[in-house]
Structure formats: structure tokens, C-alpha cells
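No experiment lies behind these values; they were computed from the predicted model shown. Letters A, B, ... mirror the listed sequences (proteins, then strands); counts begin at 1.
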Protein chains: 2
Amino acid sequence: MNHQEAKAKFIQTWGTLGSSWGISRTMAQVHALLLISPEAMTTEEVMEDLKISRGNANMNLRDLIDWGLVFRELRAGERKEYFRAEKDIWKVAKQIIKERRKREIEPVLKVLEELKNTKGDKNDKQHKALVEAVSNIESVVEKADFALERAIKLDENALVGALFKLFK
Amino acid sequence: MNHQEAKAKFIQTWGTLGSSWGISRTMAQVHALLLISPEAMTTEEVMEDLKISRGNANMNLRDLIDWGLVFRELRAGERKEYFRAEKDIWKVAKQIIKERRKREIEPVLKVLEELKNTKGDKNDKQHKALVEAVSNIESVVEKADFALERAIKLDENALVGALFKLFK
DNA sequence: TTGAACTTTCAAAATATTTTGAAAGTTTTT
DNA sequence: AAAAACTTTCAAAATATTTTGAAAGTTCAA
């Protein structure tokens with residue numbers, strides 16, 4: 001497998017993964033392309049490389065910026081914009097989780113809170129089951145938040161430890 | 001908000017959440033319906049409740065069984081099947097993660113492993129960047145696996161602790 | 001062996017999502 | 001002020017996904 005093939009495979013694999021997780025295939029592909037690009041790329045280059053239209057390239061780059069995964073770069077004396085992806089995958093993962101929590105989980109939590117407070121007959125099995133499910137979901141979200149916090153702290157501590165070693 | 005409204009809202013919220021995470025809206029809705037149903041339900045009841053066709057109900061129930069989230073229940077003297085969802089949301093979450101890892105992450109890891117081993121010019125910036133990205137992704141997956149393990153152990157310890165208290 | 005009571009399948013139809021490309025918008029240079 | 005060099009928008013077209021429903025399949029009782 002030469003570089004071109006490997007690159008194509010990486011991009012298409014990332015696209016499939018994104019698409020199975022509810023992210024537009026093309027957005028994931030643009031992200032993949034930028035992740036493995038040593039230099040910032042222009043809209044033109046992204047279009048060319050992925051064979052997509054200008055509108056499509058533009059929208060997806062914009063979305064990636066909104067997701068905090070890609071940054072706009074301007075160069076002195078040039079009018080066109082360059083795009084560079086955050087390369088630290090751990091940062092990328094944290095950012096994706098943060099955004100998805102904000103966009104997709106938090107609105108659900110708001111609804112769940114409302115549902116928990118609906119006045120229902122305490123003898124109504126159906127309603128008891130619903131309130132029970134809602135509370136359980138909330139507690140699992142808390143567990144997940146906690147686990148994520150722990151993972152982040154663990155990582156930070158590992159970093160501090162590594163730095164400390166360097167100077168001891 | 002009465003029970004019917006709360007139920008409808010729960011189902012539609014769960015459907016939207018599923019759909020934004022790459023799970024078919026209807027499968028998520030069927031799951032939601034069963035999650036809050038104190039009794040096991042028949043295909044007929046699911047069709048009725050969600051206003052979906054027999055084919056659709058059948059396929060989604062089947063998929064939920066494949067995902068390990070719903071169980072088939074047979075009753076003596078009855079020919080039709082009943083479906084009951086796993087109600088322990090923490091178990092549900094673990095099961096979903098396990099399945100998604102198997103179905104969607106593992107195939108990607110296999111590809112990444114291939115990509116890492118492609119012989120590329122070590123002086124080729126492009127190829128170096130690709131291999132770098134691939135290695136980084138692999139290491140983040142490892143971190144995530146580890147974090148999940150830790151979260152599961154933490155939960156198990158909490159359980160043991162609670163039991164212990166009961167008997168001390 | 002037939003028929004009743006179910007479940008499963010899948011091609012066609014319906015629906016939802018994504019993509020295109022050209023027009024409109026913006027900013028800078030001449 | 002006009003033109004050049006870009007970016008953005010969005011309605012229509014293309015594509016992908018989901019849903020339907022009727023036919024086929026299965027299982028069991030009579």
C-alpha cells in the first residue's frame with residue numbers, strides 16, 4: 001500500500017466511522033484529510049482532494065470550525081483562507097465529547113428534568129416506570145460525567161509526572 | 001403534563017437522541033417505549049403505540065435483540081412473542097458501548113493497524129503525518145478503554161461497599 | 001394435511017439527508 | 001467606482017435511508 005492508497009483508506013474509514021456515529025460522512029472526511037495534512041489547506045485543495053463541490057467544502061469546513069476541531073488561518077498578503085486541524089487526538093476527543101454533550105445530551109437532560117416532575121398518580125404503574133427510567137438515565141449520565149472527569153485528571157497527572165521526571 | 005404527554009415526550013426525545021447518534025430514530029423509539037413499559041409488549045402493541053407498520057416493528061425489535069437490549073419472552077399457551085427491555089440503565093449503557101466498540105470501532109482499529117504498517121518514505125512529510133495521526137488515534141482508544149474499565153470497576157466497588165454496609 | 005396464528009422478508013414507495021452550482025455577498029485592490 | 005478574488009447561501013437535484021405492506025415462511029393444533 002503506497003501513501004496515496006493509505007491516505008484514501010484513512011479518509012474513507014474515518015468517513016464511515018463518522019457516518020455511523022451520526023456525523024456527516026463528508027464532514028468526517030474533510031476532518032480526516034486535515035488531520036493528516038502537515039500544512040493548512042485551502043478550500044480549493046479540499047475540493048480537489050475529496051472531489052466535492054465548493055458549497056459542500058465550505059459548509060463542512062465551517063461546521064468543523066464550529067465544532068472547535070479546525071482553525072482558520074490567514075496568511076499575510078494572501079486573500080484566501082487556510083484551514084488547519086487540531087492534531088492532538090486526545091484534545092480532539094475531549095472537544096468532540098464536550099460539543100456532543102452540549103448539543104445533544106444537555107437538551108435531553110432538560111426534558112428529563114421536566115418529565116421527572118410531572119405529577120402522576122403514584123399508583124400508576126406506567127407512570128412509576130417512566131419516572132424510574134428517567135431517574136436512572138440521569139444517574140448514568142452523572143456516572144459518565146464523573147468517569148470522564150477522572151480520565152481527564154488521570155491524563156493530566158500522567159503529564160505532570162512525565163514533566164517532573166525530566167527535571168528531577 | 002399528564003402521563004400520556006410525558007410518555008410521548010420521552011419517546012420522541014429518546015428517538016431524537018438516538019438519531020443524532022447514528023441509531024435509527026424508530027429503533028430508539030421502540031427502545032424508549034419498552035424501557036418505560038412495566039410489562040413485556042407484543043409486536044402488535046408496539047405497532048399500535050408508535051403507529052408503525054408490522055415490518056418496521058418486527059425489524060426494530062429484532063435489531064434491539066441483536067444489540068442485547070431487549071429480550072424475547074414466551075408465555076405458556078400463547079403463540080405470540082413478548083418483548084421486554086433491560087431496565088438497568090447502567091447495564092444498558094455498558095451493553096451499547098460494548099456493541100458499538102465491536103461493530104464500529106474494532107473494524108477501524110484493524111484498518112489503522114494496516115495503515116501504520118504501510119512502508120512509506122520516512123522523509124515524506126505527508127506519510128509521517130498520517131502514521132502519526134494513526135498512532136495517536138490508537139493511543140486515545142487505549143485511554144478510552146482504560147477509562148471505561150476504571151468506571152466499571154468503580155461502580156462494582158460501590159456496589160460491594162453498599163452490600164457490605166448492609167451486613168456489617 | 002390443512003388451516004390458523006403468528007413472524008419474517010424485501011421490493012417499491014415515502015421520506016430524510018446531502019450535494020451541487022450558480023447567484024449573491026464580502027473584502028480588497030486597482 | 002469597478003473589478004478581482006475570494007466566501008457564503010440556498011433551492012433544486014441527487015442520493016441515502018427508512019417505512020410500508022403484502023407475500024412468503026414458520027409453527028403448532030386440530
Side-chain angles (χ1 to χ4, degrees), chain A residues 11-34 40-67 70-84 100 103-104, chain B residues 11-34 40-67 70-84 100 103-104:
Chain A
I11 291 171
Q12 87 95 8
T13 301
W14 207 241
T16 302
L17 180 64
S19 142
S20 74
W21 284 73
I23 281 165
S24 121
R25 165 175 263 91
T26 304
M27 177 165 143
Q29 289 181 337
V30 173
H31 189 214
L33 177 61
L34 291 175
M41 293 178 77
T42 62
T43 304
E44 209 73 35
E45 288 168 332
V46 171
M47 288 166 62
E48 166 85 3
D49 240 353
L50 299 179
K51 273 118 180 77
I52 59 176
S53 71
R54 182 173 305 283
N56 200 3
N58 181 272
M59 279 186 142
N60 282 298
L61 285 166
R62 179 146 282 294
D63 284 349
L64 284 165
I65 290 171
D66 291 345
W67 275 78
V70 165
F71 308 103
R72 214 185 272 283
E73 222 176 77
L74 294 174
R75 296 192 182 171
E78 284 200 71
R79 261 161 120 179
K80 56 175 169 292
E81 296 172 325
Y82 287 79
F83 301 92
R84 178 186 301 280
R100 295 202 82 151
R103 294 170 186 227
E104 296 147 7
Chain B
I11 291 170
Q12 88 96 9
T13 301
W14 207 241
T16 302
L17 180 64
S19 142
S20 75
W21 283 73
I23 281 164
S24 119
R25 164 176 264 91
T26 304
M27 176 166 144
Q29 289 181 336
V30 173
H31 189 214
L33 178 61
L34 290 174
M41 294 177 77
T42 62
T43 304
E44 209 74 35
E45 289 170 330
V46 170
M47 287 167 62
E48 166 85 4
D49 240 354
L50 299 179
K51 272 120 180 75
I52 59 175
S53 72
R54 182 173 304 283
N56 200 4
N58 181 273
M59 279 187 142
N60 282 297
L61 285 166
R62 179 146 281 294
D63 284 349
L64 284 164
I65 290 171
D66 290 345
W67 275 79
V70 165
F71 308 102
R72 214 186 274 282
E73 223 175 78
L74 295 174
R75 296 191 183 173
E78 283 199 72
R79 261 163 117 173
K80 58 174 169 291
E81 295 173 324
Y82 286 79
F83 301 93
R84 178 186 301 282
R100 297 201 81 152
R103 294 169 187 230
E104 297 147 7

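Place Tyr82(A) and Ser24(B) on DNA chain D by their nearest nucleotides, and Tyr82(A) ends up nearer the 5' end. Nucleotides of DNA chain C nearest to Glu44(B) and Thr26(A) differ in position, and the one nearer the 5' end is that of Glu44(B). When each of Gly55(B) and Asn56(A) is assigned the nucleotide of DNA chain D bearing its nearest heavy atom, the one mapping closer to the 5' terminus is Asn56(A).
Put simply, CG on Leu74(B) is 13 Å from C1' on dC28(D), counting in whole angstrom units. In this structure, Gln29(B) atom CD and dT18(D) atom C1' are separated by 12 Å, rounded to whole Å. For the pair Arg54(B) CZ and dT26(D) P, the interatomic distance rounds to 18 Å; values are reported in whole Å. Following rounding to the nearest Å, Met59(A) (CE) and dT18(C) (C1') show an atom-to-atom distance of 10 Å. As rounded to whole Å, 13 Å separates atom C1' of dT9(D) from atom CG of Asp63(A). Distance Asn58(A) CG to dA23(C) C1': 14 Å, rounded to the nearest Å. A straight line from CZ of Arg72(B) to P of dT27(D) spans 12 Å, rounded to a whole angstrom. For Leu61(B) and dT18(D), the CG to P distance is 16 Å, given to the nearest whole Å.
Applying the salt bridge (charged side-chain N to carboxylate O under 4.0 Å, His left out) definition to pairs two or more places apart or across chains, those involving residues 40-52 of chain B are Lys7(B)-Asp49(B), Glu44(B)-Arg54(B).
The closest side-chain donor-acceptor pair between Glu104(B) and Trp21(A) falls under 3.5 angstrom.
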Met41(B) vs Leu33(B), test: side chain to side chain contact (heavy atoms under 4.5 Å, CB included). Steps then yes/no.
CA-CA 9 Å; Met41(B) 294 177 77; Leu33(B) 178 61; 3.7 Å; yes
Determine, step by step, whether Leu74(A) and Glu81(A) satisfy the side chain to side chain contact (heavy atoms under 4.5 Å, CB included) criterion, reporting the C-alpha distance in whole Å, the side-chain angles of both residues, the deciding distance to 0.1 Å, and the verdict.
CA-CA 6 Å; Leu74(A) 294 174; Glu81(A) 296 172 325; 3.9 Å; yes
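Across Met27(B) and Asp63(B), no two heavy atoms sit closer than the pair SD-CB, 3.7 Å.
For Ser19(B), the side-chain hydrogen bond (donor to acceptor under 3.5 Å, both in side chains) criterion is met by Arg25(B), not counting sequence neighbours.
Arg25(B) comes within 4.0 angstrom of nothing in the nucleic acid, heavy atoms only.
No side-chain heavy atom of Glu73(B) sits less than 4.5 Å from a side-chain heavy atom of Thr42(B).
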Interface polar pairs with nucleotides 2-6 of chain D, N/O, under 3.5 angstrom:
from	atom 1	to	atom 2	distance (Å)
dA5(D)	O4'	Arg79(A)	NH1	3.1

